[in-house]
Amino acid sequence: MRGRVSGTFSVIHRDASCGARLGSLKTPHGEIETPIFMPVGTNATVKAMTPEDLWAVHAQIILANTYHLYLRPGHRLVESLGGLHRFMNWSGPILTDSGGFQVFSLGELRKISEEGVKFQSHLDGSYHVLTPELSIKIQEALGADIIMCFDECPAATADYDYVSRSLEMTTRWAKRCKEAHSREGQQLFGIIQGGMHHDLRARSLNEICAIGFDGYALGGLSVGEEKEQMYGVMESCAPLMPQDAPRYIMGIGAPEDLVEAVWHGFDMFDCVMPTRNARNGMLFTSQGRINIKAKAYEEDGGPLDPACGCHVCRTYSRAYLRHLYRAGEILASQLNTYHNLYYYLDLMRRMRGAIRENRFTEFRRDFYGSQTDNHV
Ligand SMILES: Nc1nc(=O)c2cc3nc(NCCN4CCCCC4)[nH]c3cc2[nH]1
């Protein structure tokens with residue numbers, strides 16, 4: 001049973017007008033400035049981006065997935081080749097998710113029990129059992145800097161009693177994860193469940209914090225609930241979470257969700273939205289989202305986003321990006337992903353600046369005013 005990796009996170013500054021805070025999180029692969037967004041690199045790659053591209057868009061930490069890497073190529077293979085950092089040539093911090101959520105959202109037949117989750121691989125239909133202990137061993141073998149407890153993420157439609165019983169099992173699993181975790185220097189984060197019920201959220205939060213982890217995540221969100229429900233859980237949980245530990249919301253989110261979550265006092269985020277939307281031609285700009293395949297851009301020689309300083313916006317026209325997308329060119333995914341991640345990471349940089357200068361409440365008001373979401 002390891003204690004917390006003390007002294008890795010510190011709050012540098014708080015904006016007195018709201019919950020927003022500036023933090024520093026030290027890891028064996030470098031120091032992270034928070035609030036931060038983590039590009040999703042599920043299969044040991046952030047799709048369409050090389051590590052050099054990731055540094056160029058100012059990524060600080062990326063996420064990879066236990067479920068996927070366990071099934072392919074296998075965590076023991078990655079370990080034998082020097083671990084995930086060496087395998088994918090990413091020398092910055094890596095966080096791995098624990099697999100529970102992916103089993104439920106990807107696996108075929110699956111059966112949950114106190115032991116863990118029995119599931120069929122979405123790749124070849126083979127049967128597997130993922131337990132808290134195995135999830136920790138996989139994440140230790142991959143060598144991530146931050147690993148997540150194995151938990152159950154109830155569906156947004158689950159009833160009160162199911163969510164209540166589920167959070168109790170997630171707490172028992174969290175204890176097993178902490179017992180199983182022994183890799184020095186590697187941080188273990190606990191995950192708070194409880195659905196959309198504030199009393200169950202408080203119960204899960206108290207139980208997970210009582211076990212003691214290096215950081216705390218809100219799970220069970222961004223599963224199809226209304227924004228108001230998501231924001232309500234953020235608002236009720238943030239003040240109850242330890243002030244001196246990183247606060248991570250899993251699977252969040254759209255730019256406006258990040259602004260809202262930072263305003264409430266959250267520090268870390270991950271979402272496939274910028275990378276997945278990029279591949280579908282949905283691009284984020286200072287004036288809101290645009291659909292690059294729209295005919296309106298056929299002869300538009302201007303930059304994707306005049307306010308963006310990224311290589312794509314300084315080099316290519318909307319007409320060219322539209323052409324690449326419509327032609328099904330690989331470069332479309334590369335350039336669109338590069339810009340969307342630059343936009344997300346630059347949004348985090350701008351939020352950190354606003355916190356530092358005690359003007360985050362104004363930043364949040366101006367941000368909402370700028371997002372016309374024209375979806376053209
Ligand atoms: N271990 C773990 N526990 C969770 O409760 C969890 C909850 C999550 N909720 C999401 N939502 C992802 C939503 N995403 C939004 C863009 C389109 C694809 C789905 N990812 C999650 C990952 C999670 N991981």
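This structure is a prediction, so every number in the text was calculated from the model and none was measured. As the structure lists them, so they are numbered: ligands from 1, and atoms in each ligand from 1.
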Quiz prompt | Any N or O of G220 closer than 3.5 Å to N or O of ligand 1 | solution = yes
Quiz item: Which atoms of ligand 1 sit under 4.0 Å from any heavy atom of G219?
Solution: 4 (C), 5 (O)
Exercise. Would you check the N or O atoms of C271, main chain and side chain alike, for any that come under 3.5 Å of an N or O of ligand 1?
Key: no
Quiz prompt | ILVMFWY cluster, V129 and L106 together (side-chain gap under 4.5 Å) | solution = no
Quiz item: How far is atom 19 (C) of ligand 1 from its nearest protein heavy atom, and which residue and atom name does that atom have?
Solution: V272 CG2, 4.5 Å
Practice problem: Quick one: which residue pairs count as a side chain to side chain donor-acceptor pair (under 3.5 Å) with a foot in residues 51-77, not counting sequence neighbours? | Solution: T42-N65, T50-E52, T50-D53, N65-Q102, Y67-H122, Y70-H128, R76-E79
Practice problem: Starting from atom 24 (N) of ligand 1, locate the nearest protein heavy atom and write down its residue, its atom name and how far away it is, to 0.1 Å. | Solution: D97 OD2, 2.8 Å
Quiz prompt | Lys NZ or Arg CZ of K118 over Y127 ring: under 6.0 Å, within 45° | solution = yes
Exercise. Decide whether T131 and E115 meet the rule of one side-chain donor and one side-chain acceptor closer than 3.5 Å.
Key: no
Quiz item: Is L221 touching ligand 1 with its side chain, its backbone, both, or neither, if touching means heavy atoms under 4.0 Å apart?
Solution: backbone
Exercise. Using a strict cut-off of less than 4.0 Å between a Lys/Arg side-chain nitrogen and an Asp/Glu carboxylate oxygen, indicate whether R176 and E179 qualify as a salt bridge.
Key: no
Practice problem: Could you pull out, from Y248, F101, F104, the option with a heavy atom nearest to atom 22 (C) of ligand 1? | Solution: F101
Practice problem: Measure up the Y316 and H311 rings against each other and bin them: parallel (under 30°), tilted (30 to 60°), perpendicular (over 60°). | Solution: perpendicular
Self-check item: Atoms of ligand 1, numbered as shown, that sit under 4.0 Å from any heavy atom of S98
Solution: 1 (N)
Quiz item: Got the closest protein heavy atom to atom 14 (N) of ligand 1, with its distance?
Solution: S222 OG, 4.2 Å
Quiz prompt | Geometric class of the F363/F367 ring pair [parallel <30°, tilted 30-60°, perpendicular >60°] | solution = parallel
Quiz item: When hydrophobic residues are tied together by side-chain contacts of less than 4.5 Å, even through go-betweens, does I192 share a cluster with Y160?
Solution: no
Quiz item: Can you list the atoms of ligand 1 that are under 4.0 Å from a heavy atom of C153?
Solution: 4 (C), 5 (O), 7 (C)
Self-check item: Protein residue, atom and distance nearest to atom 18 (C) of ligand 1, heavy-atom basis
Solution: R276 NH1, 3.4 Å
Quiz item: What do the steps show when you test Y248 against L218 for side chain to side chain contact (heavy atoms under 4.5 Å, CB included), and what is the final call?
Solution: CA-CA 6 Å; Y248 167 24; L218 289 190; over 6 Å; no
Practice problem: Please confirm whether G100 comes under 4.0 Å of ligand 1, counting heavy atoms of the residue only. | Solution: no
Quiz item: Quick one: which ligand 1 atoms are inside 4.0 Å of a heavy atom on I191?
Solution: 1 (N)
Quiz item: Do E152 and S166 meet the criterion of a side-chain donor-acceptor pair at a distance under 3.5 Å?
Solution: yes
Exercise. Assess Q193 for proximity to ligand 1: is some non-hydrogen atom of it under 4.0 Å away?
Key: yes
Practice problem: Could you find the nearest protein heavy atom to atom 4 (C) of ligand 1 and give me its residue, atom name and distance? | Solution: D151 OD2, 3.6 Å
Quiz item: Any heavy atom of Q102 sitting closer than 4.0 Å to ligand 1?
Solution: no
